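Taking it in order: structure first as structure tokens, then the write-up.
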Amino acid sequence: MADIQEQLAALTRGTTDVIPAHGLEAKLRRSADTGKPLVVKLGLDPTAPDIHLGSAVVLRKLRTFQDLGHQVVVIIGDFTAMIGDPTGKSETRKPLSRDEIADNARTYAEQYCRILDADRTQVRFNSEWLGAMDFGEVIHLASRMTVAHVMGRDDFANRWRDGQSIGLHELLYPLCQAYDSVVIGADVEMGGTDQLFNIMAGRTLQGQWGQDPQIGMFMPLLVGTDGTQKMSKSLGNYVGITEPPDAMYGKILSISDELMRSYFELATSVPMQEVEGLLAQAESGALNPKDIKRRLAREIVAIYHGDAAAAAADAEFERVHARGDIPSDMPEIPLPDHIVKDGRVWSCRLLVGIGLASGTGEARRLIQQGGVSIDGVRINSPDAELEADALHGAIIKVGARRFLRIL
RNA sequence: GCCGGGUUACCCGAGUGGCCAAAGGGGGCUGACUGUAAAUCAGCUGCGGAACGCUUCGGUGGUUCGAAUCCAUCACCCGGCACCA
């Protein structure tokens, strides 16, 4: 096993906080001494998973633990989902059906395997123990934490101050999550910075159970491709880890320059010393930022699709965007009969017919703005009529990057 | 249950009788430039073979020559009060 200091460096890379600061080192040392792997916990909602580079940040960190020989326990919060983490904004969620939970669990497994080492990953549902408790046990559990403590959580405190309602059951949420840590005997719990209170509650509860309290490790939220908000599926600013190599490569290349450092740090394993070196060269003008971003894109694509796919995506980019060639591969579609009239096709109807415009109005606009060309020749009038025969085998280009070949 | 505020295009939001297919911003799209699909600048962004033609401003029905704008009613959201404890 690697030297403790090296392990620490790898594990704390990109973290915003490790609490308590030196606790992790002590845990690692003890694990090395006893040969007993650390139990590293991550809690997840049983809602439909959308694994993108942002959610992958925490998973990759877990993978680092696994590579160092530690055990990961993923807790699917199927029971706590009935409460819903009380942000004060979201309504109490409907309990998911057994089938839905099973479905989601399967999807998780498929996607998580792309990052985690399945052999060192254990998946547990917290309904297993939380659902089995009787009321007396619940009361006993609740007696382990004080109202003053729970009310210390920011959102509770704010809602109380503002006179908003707080469901009694909501107060139990941190307790449930904390109890999960007790049940699995967590040494480390990973989470976003919004998990601070819940993870700390785990430490409190574990202490009362006579366990060595877990270390809380917090990761920042990856900024999405829009450059301002956190990456999330609902905001549409995400790069999915199952996206095809070319799409992934393109999206990463389009992030703004300022995001490069955090993407390198959180989404790749390139040594930070090297990253800083590259960025310094860009700063001084010795290196074109574009080339650093291409390196970033290659690194990330390689993680999810392998080196060969990354190299291919890079070459394809060079061909299409740097040299202006047509892509090596593009969708093909037969010329729909119904748009041909007397052997001729109205250009706007063609775009609609092959799905490159949603209506003739949009098609007209695209052509007027000079965004449409056929076999490299720009169409300059929305009234243009085209010979149907000449269209077979033609390549239609709309905008900078939408290509389509007509059969 | 009562009183008040609200519901406008993909999102936010202006508009209180005609000049409104509806300001502005965001997002999206196209072009120029470039280092890339970054940044910047410009244009477009309801539908429509395009004609000041058609359909839009929560739903329905009215008033009016004319309604996003006024009235009635219904639905939902947000405040305050009441009822119930």
Side-chain angles (χ1 to χ4, degrees), chain A residues 88-91 159 162-165 168 223-229 231-239 243-264 278-279 281-301 310 313-327 330 338-342 344-353 355-374 378-386 396-403:
Chain A
K89 281 180 280 188
S90 56
E91 298 291 306
R159 285 161 70 189
D162 298 342
Q164 293 173 16
S165 66
L168 195 53
V223 176
T225 53
D226 61 349
T228 51
Q229 293 183 278
M231 184 176 284
S232 88
K233 194 168 190 174
S234 54
L235 292 173
N237 60 354
Y238 70 104
V239 182
E243 287 189 50
D246 287 343
M248 194 181 265
Y249 187 96
K251 281 192 184 182
I252 295 161
L253 213 59
S254 77
I255 63 171
S256 66
D257 293 356
E258 297 74 61
L259 256 44
M260 288 194 288
R261 177 180 280 105
S262 70
Y263 271 56
F264 267 115
L278 289 169
L279 293 174
Q281 288 185 64
E283 193 71 32
S284 70
L287 208 54
N288 190 326
K290 178 190 68 167
D291 295 316
I292 301 178
K293 217 179 285 179
R294 284 178 67 170
R295 165 76 187 281
L296 173 67
R298 279 202 307 276
E299 291 285 346
I300 293 177
V301 173
D314 190 59
E316 185 71 3
F317 169 80
E318 177 69 23
R319 172 217 291 280
V320 178
H321 298 290
R323 295 218 313 268
D325 284 357
I326 58 168
M330 70 182 84
H338 67 271
I339 64 172
V340 181
K341 200 164 64 185
D342 300 329
R344 298 170 71 80
V345 180
W346 178 38
S347 55
C348 290
R349 194 160 296 294
L350 171 69
L351 293 185
V352 176
L356 289 177
S358 62
T360 55
E362 184 186 340
R364 185 177 289 271
R365 209 178 307 127
L366 286 168
I367 292 171
Q368 269 167 352
Q369 293 179 138
V372 179
S373 61
I374 297 179
R378 181 176 285 184
I379 301 180
N380 45 37
S381 164
D383 297 320
E385 301 266 351
L386 308 156
I396 317 289
K397 180 188 181 193
V398 173
R401 58 184 187 282
R402 292 157 73 200
F403 291 87

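Not measured: the values here are computed from a predicted model. Per chain, numbering begins at 1; letters A, B, ... match sequence-line order.
- Within the 4.5 Å cutoff, side-chain heavy atoms of Glu243(A) are placed close to those of Lys251(A).
- Between Leu356(A) and Val372(A), every side-chain heavy-atom pair lies at or beyond the 4.5 Å cut-off.
- Among the heavy atoms of the strands lying under 4.0 Å from Arg349(A) is at least one base atom, whether or not backbone atoms are also near.
- We find that CG of Asp325(A) is positioned 14 Å from P of U36(B), with the value rounded to whole Å.
- Counting atom types as modelled, Glu385(A) pairs a side-chain N or O with a base atom of G49(B) as donor and acceptor under 3.5 Å.
- Nucleotides A51(B) and U34(B) are separated by 38 Å at their P atoms, to the nearest Å.
- In this structure, G24(B) and C12(B) make a Watson-Crick or G-U wobble pair, each of the two defining distances being under 3.5 angstrom.
- As the counterpart of A38(B), no nucleotide is assigned, since no Watson-Crick or G-U wobble pattern has both distances under 3.5 Å.
- By the 6.0 Å contact criterion, CZ on Arg402(A) is enclosed, its count of non-hydrogen atoms from other residues, nucleotides or ligands being greater than 12.
- With the nearest nucleotide of RNA chain B identified for both Asp383(A) and Ile252(A), Ile252(A) has the one nearer the 5' end.
- Taking the P atoms as reference points, C65(B) lies 28 Å from C74(B), given to the whole Å.
- The separation between Ile300(A) atom CD1 and U36(B) atom P is 19 Å, rounded to whole Å.
- Taking the charged nitrogens against the carboxylate oxygens, Arg319(A) and Glu316(A) do have a contact shorter than 4.0 Å, which makes a salt bridge.
- Protein atom CD of Glu318(A) is 14 Å distant from nucleotide atom P of G35(B), rounded to whole Å.
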Kindly give the atom pairs (protein nitrogen or oxygen, nucleotide nitrogen or oxygen) under 3.5 Å for nucleotides 37-41 of chain B.
residue: A37(B); atom: N7; partner: His321(A); partner atom: NE2; Å: 3.1

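- As the counterpart of A50(B), no nucleotide is assigned, since no Watson-Crick or G-U wobble pattern has both distances under 3.5 Å.
- Counting all heavy atoms, side chain and backbone alike, Arg295(A) lies closest to Leu278(A) at NH1-CD1, 3.9 Å.
- Both Arg402(A) and Lys341(A) sit near RNA chain B, but only Arg402(A) has its closest nucleotide nearer the 5' end.
- As rounded to the nearest Å, A22(B) and C57(B) have P atoms that lie 15 Å from one another.
- Remark: the backbone N or O of Ile339(A) is not paired with any side-chain donor or acceptor of Trp346(A) at under 3.5 angstrom.
- Taking 4.0 angstrom as the limit, Lys290(A) places none of its side-chain polar atoms (N or O) nearer than this to OP1 or OP2 of G35(B).
- In this entry the distance linking CE of Met260(A) with P of U36(B) reads 14 Å, nearest Å.
- Taking atom C1' on both U60(B) and G27(B), the two are 34 Å apart, rounded to the nearest angstrom.
- Using a 4.5 Å heavy-atom threshold, the side chains of Leu351(A) and Ile367(A) count as touching.
- Following rounding to the nearest Å, Ile367(A) (CD1) and U30(B) (C1') show an atom-to-atom distance of 12 Å.
- A 4.5 Å side-chain heavy-atom check between Phe403(A) and Val320(A) finds at least one atom pair inside the cut-off.
- Separating the P atom of U55(B) from that of A21(B) is a span of 13 Å, rounded to the nearest Å.
- Protein atom CG of Leu351(A) is 16 Å distant from nucleotide atom P of C29(B), rounded to whole Å.
- The base-pairing partner of U60(B), taking Watson-Crick or G-U wobble contacts with both distances under 3.5 Å, is A72(B).
- Pair check for G1(B) finds C81(B); Watson-Crick or G-U wobble, both atom distances under 3.5 Å.
- Across G31(B) and C54(B), the matching P atoms stand 34 Å from one another, rounded to whole Å.
- Residues from residues 357-365 of chain A that place a heavy atom under 4.0 Å from any atom of RNA chain B, listed by number: Gly359(A), Thr360(A), Gly361(A), Arg364(A), Arg365(A).
- Side-chain contact check for Arg298(A) versus Phe317(A): every heavy-atom pair is 4.5 Å or farther apart.
- Here the side chains of Arg364(A) and Asp383(A) are in contact, with some heavy-atom distance below 4.5 Å.
- Distance noted for atom P between C70(B) and A14(B): 15 Å (whole Å).
- The side-chain heavy atoms of Gln281(A) and Ile292(A), taken from C-beta on, include no pair separated by under 4.5 Å.
- As rounded to the nearest Å, C78(B) and G28(B) have P atoms that lie 31 Å from one another.
- Interface remark: the Gln369(A) side chain does form a donor-acceptor pair with the G43(B) base, using a distance-only criterion of under 3.5 Å.
- Taking atom CG of residue Leu366(A) and atom P of nucleotide G48(B), one finds them 13 Å apart after rounding to whole Å.
- The CD1-P distance, from Ile379(A) to G31(B), rounds to 13 Å in whole Å.
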